[in-house]
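Scroll down for the structure; my scribbles are underneath it.
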Amino acid sequence: MTTHPDYWNRIYEDEGRPGWDMDGATPLAAELLELALPLGLRPGGDLVVPGCGYGHDAAELEARGFSVTGLDFAPLAIQGARQRYGDRVAWSQADWFTTQLGPWDAIFDHTCFVAMDPPRRPAYVDACAAHLKPGGIWMAGLFHDVNGRPGPPHAIPMAEMCTLAEAHFDVLHLAETSASHPRRAGREYLLVARKR
Ligand SMILES: C[S@@+](CC[C@H](N)C(=O)[O-])C[C@H]1O[C@@H](n2cnc3c(N)ncnc32)[C@H](O)[C@@H]1O
């Protein structure tokens, strides 16, 4: 059951380096930040990376000057993140739906939303809104195509994503990206949205 940390923890245990792990930060980070900085997100701001895995994106964002929380409910993910990057980032073993940490200025969402079972998407969007300060920014890399495989990850059409996000957010950017990792080229798009 993907809703339970054991499901994910077992993958970390069995595979060591799971198929989604790029052994480095996503190249989407630069483009997402370029989109978010003109919206008022400033280095020094508080940023959370839900479903941070081994912490590559969280560490990259910390290196770019943000105060970062890397959150994941799988113990082996947090352990691996801490081993790789030490305590530069505030690692938290917690469930995104129930964490009492925050609120944050921004969410950096890379392969967490798309890991959710589709029926949980509205609750996930509610959680994003609940964990952001007023006017906070949600940045996300999403899939419109996962090569026909059953998920996770799950693809979501842009129009459906827009409707979901609009429950709590003004969608400021929703467009394909050319910055994907080569293994994901042509299959990803970016969302930048501001909490109303
Ligand atoms: C596909 S992996 C991506 C990991 C990381 N973002 C990366 O790109 O390497 C999804 C991650 O989300 C975590 N996750 C799934 N549901 C979660 C939840 N409700 N709360 C916190 N973490 C969750 C899993 O444990 C897993 O590490």
Side-chain angles (χ1 to χ4, degrees), residues 1-33 47-62 66 68-85 89-102 104 106-132 138-143 145-147 149-156 177 179-185 187-191:
M1 258 210 323
T2 60
T3 52
H4 200 278
D6 286 352
Y7 169 90
W8 298 96
N9 212 49
R10 197 157 300 127
I11 300 176
Y12 286 106
E13 194 167 41
D14 291 349
E15 300 184 18
R17 189 176 153 208
W20 61 73
D21 185 85
M22 298 290 172
D23 207 21
T26 173
L28 303 181
E31 193 176 345
L32 281 168
L33 287 178
L47 213 148
V48 62
V49 181
C52 67
Y54 284 155
H56 311 301
D57 298 326
E60 168 72 16
L61 294 163
E62 189 276 341
F66 295 95
V68 182
T69 301
L71 180 148
D72 203 296
F73 68 180
L76 285 176
I78 291 300
Q79 191 181 305
R82 198 169 270 124
Q83 272 165 4
R84 283 166 178 75
Y85 298 108
V89 166
W91 306 112
S92 171
Q93 188 192 319
D95 190 319
W96 182 238
F97 290 86
T98 57
T99 181
Q100 297 298 307
L101 296 175
W104 290 277
I107 298 166
F108 185 92
D109 191 321
H110 172 232
T111 56
C112 190
F113 177 90
V114 297
M116 298 299 126
D117 290 343
R120 300 191 90 198
R121 286 168 172 168
Y124 186 98
V125 176
D126 291 347
C128 288
H131 298 326
L132 282 174
W138 179 21
M139 296 169 263
L142 302 156
F143 287 110
D145 174 19
V146 289
N147 285 345
R149 283 181 284 104
H154 299 278
I156 178 166
T177 175
S180 293
H181 188 282
R183 271 166 44 195
R184 295 175 178 166
R187 298 193 284 125
E188 287 181 299
Y189 63 96
L190 305 182
L191 166 85

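Position 1 is the first residue of the sequence; numbering continues from there. Both ligands and their constituent atoms are indexed starting at 1 by order of listing.
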**Asked** Can you say whether the rings of Y124 and W96 are parallel (under 30°), tilted (30 to 60°) or perpendicular (over 60°)?
**Response**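 Rings of Y124 and W96: tilted, as their planes differ by 30° to 60°.
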**Request:** Take the angle between the ring planes of W91 and Y85 and call it parallel below 30°, perpendicular above 60°, tilted in between.
**Result:**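 Because their plane-to-plane angle lies in the 30° to 60° range, the rings of W91 and Y85 count as tilted.
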**Request:** Classify the contact between W96 and ligand 1 as side chain, backbone, both or neither, using a heavy-atom distance cut-off of under 4.0 Å.
**Result:**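 Looking at W96 and ligand 1, atoms from backbone and side chain both fall under 4.0 Å.
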**Message:** Heavy-atom distances under 4.0 Å decide this one: backbone, side chain, both or neither, for P18 against ligand 1?
**Reply:**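 For P18, there is no contact with ligand 1 at all, from either part.
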**Message:** Check contact between M116 and ligand 1, using heavy atoms of the residue and a distance below 4.0 angstrom.
**Reply:**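 For ligand 1, residue contact (heavy atoms, under 4.0 Å) with M116 is present.
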**Message:** Just to check, does P153 reach to within less than 4.0 Å of ligand 1 when the distance is taken from its heavy atoms?
**Reply:**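 Contact absent.
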**For A94, atoms of ligand 1 separated by under 4.0 Å from a heavy atom** =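 So the answer, numbered in order with elements, is 20 (N), 21 (C).
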**Request:** Pull out every atom of ligand 1 sitting under 4.0 Å from any heavy atom of A74, numbered as shown with elements.
**Result:**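 Under 4.0 Å from A74, ligand 1 has these atoms: 25 (O).
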**Item:** Best match, C52, G51, G70: closest heavy atom to atom 12 (O) of ligand 1
**Value:**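 Answer by nearest heavy atom: G51.
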**Asked** Where the closest heavy atom to atom 16 (N) of ligand 1 is concerned, which of F73, F97, Y54, F108 has it?
**Response**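 Selected option, by shortest heavy-atom distance: F73.
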Are any of the N/O atoms in [X] less than 3.5 Å from those in ligand 1?
X    : value
H110 : yes
W8   : no
D57  : no
T111 : yes
Y12  : yes

**Asked** Is the CZ atom of R17 crowded by more than 12 outside heavy atoms at less than 6.0 Å?
**Response**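 Enclosed: over 12 neighbouring heavy atoms sit under 6.0 Å from CZ of R17.
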**Asked** Can you tell me if D57 and T26 form a side-chain donor-acceptor pair at under 3.5 Å?
**Response**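 Short answer, no.
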**Message:** Quick check on side-chain contact (heavy atoms from CB on, under 4.5 Å): which of T177, V114, L190 does L142 satisfy it with?
**Reply:**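 The single option meeting the side-chain contact (heavy atoms from CB on, under 4.5 Å) with L142 is V114.
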**Asked** Among all residues two or more places apart in sequence or in another chain, which pass the salt bridge (charged side-chain N to carboxylate O under 4.0 Å, His left out) test with E31?
**Response**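 Partners of E31 by the salt bridge (charged side-chain N to carboxylate O under 4.0 Å, His left out) criterion come out as none, since no residue qualifies.
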**Prompt:** Centroid-to-centroid, Y54 to W8, below 6.0 Å?
**Reply:**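 Between Y54 and W8, the centre distance exceeds or equals 6.0 Å.
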